[in-house]
Protein chains: 2
Amino acid sequence: MYGMPGKANPASDAADTFASPEPPRPVAASRPAAANAGARCANCMMRHICMAASLEADDVEQLDRVMQGWRTVRQGEKLFRAGDPFRSLYAVRAGSFKTVVTSERGKEHISGFYMAGDAIGMDGICEETHTSDAIALEDSVVCVIPYHLLEALCRELKPLQRQFHKMLSAEIVREANQMMLLGNMSAEQRVATFLLSISARHRERGYSATSFVLRMTREDIGSYLGVTLETVSRTLSKFQQEGLLAVQGKSLDLLNLDALDAR
Amino acid sequence: MYGMPGKANPASDAADTFASPEPPRPVAASRPAAANAGARCANCMMRHICMAASLEADDVEQLDRVMQGWRTVRQGEKLFRAGDPFRSLYAVRAGSFKTVVTSERGKEHISGFYMAGDAIGMDGICEETHTSDAIALEDSVVCVIPYHLLEALCRELKPLQRQFHKMLSAEIVREANQMMLLGNMSAEQRVATFLLSISARHRERGYSATSFVLRMTREDIGSYLGVTLETVSRTLSKFQQEGLLAVQGKSLDLLNLDALDAR
DNA sequence: CGTGAACTTGATGTAGATCAAACCCCGTGG
DNA sequence: CCACGGGGTTTGATCTACATCAAGTTCACG
């Protein structure tokens, strides 16, 4: 099923793609944390790659307690925008996002794509203000983690502290690798690297590493890779002609991962 | 004095550039932390932009206690290399560094330049292994901060925890901005942005924002900006012809910051 | 089933890479 | 003290990967 295009309803698509055990449960910001019984990391498929990774069951429960709840974000809507005051981090529970940074000149650049289990918003910590927009690529659900509570819990739970630091550091490493891509690689290498990265992230999450649907447009991919949308399109066509993959709109089948890696 | 080229001894140059109150005091790795009386954040000119920022005097003393000591790194030597096990973070006390990431294909890319007060090594946290080389651009001194001790202290001291998180987040934001530069900007804009960024960092540290010496080669700058060294050189010459700055080898005078910003 | 957005493909233009040569320091050793 | 050598830098000539412009096609959604 996964990897087939043409779903009528992106919300149900997101739900079956990521198999959320419960339906999204949006919560008012003012709702007390104690009432938040539905959102439980223990039940979440993504707990082993998310904030809860390597926590004992007791500690996961503590994390649940500081989690404010879920928030649904419809396709195209913004989870936050640059300039918003920073209060919470977000963990993607279902769906996916892109983050967009805008220069003073008004030029936009996509700085990252985030899927289930990824954390968004860590750019906001340093100035207590978000520096990018986070936009849902499909109807999505995030866990809302108030930063001051997470901070306090990190002082209590060493494994949580360690995991949080690792997530911050992993983002630094990811961006450093992206800088390498943007600074040194040919268009073909950029596209190949991008596809392999998506593939690997799907594999980590238990989905097919070779057959998937791109949630973003060619323009989004181009922006992320520092090339034009035409170049993305041409490169995909070329890879298809060479038998490295099969494209059909946003659906992709990678037919030769090694050959892609050799680009 | 700062900004004048042609010093005979780079070590003395580094010392007077950053006005270290005491001479470097290298320490053996096994030396107990208690013996580390010489290295004191309280005396350090950079304490307000470093790990100690916004700490009370008592807390700064605690930070001193976990600091393992100083390490001197001669020009061209490596503070750590990709693949080294991650044990410590480093704060630049005097001098400057570049960090270099190397792709599987062996291509090198400079991911950052670091001067006094900056922290290096945060990429190592996530996999407990450094992912880049850190190379001294001149004879330099760093404070060595064992990560497990810092972690423990961050559980004790909320302001230190906050500052540390801010430094991690600031690195994420810096890299996101660099990705924007690499993905969207013309060569001229890249060079102008680079110069203005160096200028601002000098200003923050109390040095001249308009007159300084570049510690890195044209090739280093090119690698960082994703252009060739020839393009860097040509762009500087062009800016000079237009009266935006005066170049003389590695010495630079910015004559029109606004015009540079308008690029 | 109609319509606009997303995508593909082709033709042409250009910023910056690459190749090449000379120059300028700056440290070294005679 | 000066000649020497080599890394760093500048500048010029040429080349090319990719951007840009343009037109048509397909697709997804209302």
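Not measured: the values here are computed from a predicted model. Letters A, B, ... mirror the listed sequences (proteins, then strands); counts begin at 1.
Between B:Y224 and B:F113, the distance separating the two ring centers is shorter than 6.0 angstrom.
In this model, the phosphate group of D:dA28 is not approached by any side-chain N or O of A:K250 to a distance below 4.0 Å at OP1 or OP2.
Using a 4.0 Å cut-off between charged side-chain N and carboxylate O, B:D118 and B:R205 make a salt bridge. Salt-bridge formation is detected for the pair B:K78/B:D133: a Lys NZ or Arg NE/NH1/NH2 atom is positioned less than 4.0 Å from an Asp or Glu carboxylate oxygen.
In this structure, a donor-acceptor pair under 3.5 Å is absent between the side chains of A:S223 and A:E108.
As a whole-Å value, the separation of A:N184 CG from C:dG16 P is 16 Å. The CG atom of B:L225 sits 16 Å away from the C1' atom of C:dA15 (whole-angstrom rounding). Look at CZ on A:R215: it is 12 Å from P on D:dA28, rounded to the nearest Å. The distance between atom CD1 of B:I221 and atom C1' of C:dG16, rounded to the nearest whole Å, is 17 Å. In this structure, B:K238 atom NZ and D:dG12 atom C1' are separated by 17 Å, rounded to whole Å. Across the protein-nucleic acid pair, B:M216 atom CE and D:dG7 atom C1' stand 18 Å apart, rounded to whole Å. Distance CD (A:Q248) to P (D:dT26): 12 Å, rounded to an integer number of Å. Here the C1' atom of nucleotide C:dA6 and the CG atom of A:L214 are 13 Å apart, to the nearest Å.
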TODO: Scan nucleotides 16-21 of chain D nucleotide by nucleotide, 5' to 3', and note B when protein non-hydrogen atoms come under 4.0 Å of the base, S if they reach only the sugar-phosphate, - if neither.
DONE: --SSBB

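Across all strands, B:L236 comes closer than 4.0 Å to no nucleic acid atom at all (heavy-atom distances).
Residues A:I120 and A:F80 meet the side-chain proximity criterion, which asks for heavy atoms closer than 4.5 Å.
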Task: Intermediate values then yes/no, side-chain contact (heavy atoms from CB on, under 4.5 Å), A:V232 and A:T235 - done: CA-CA 5 Å; A:V232 174; A:T235 306; 5.9 Å; no

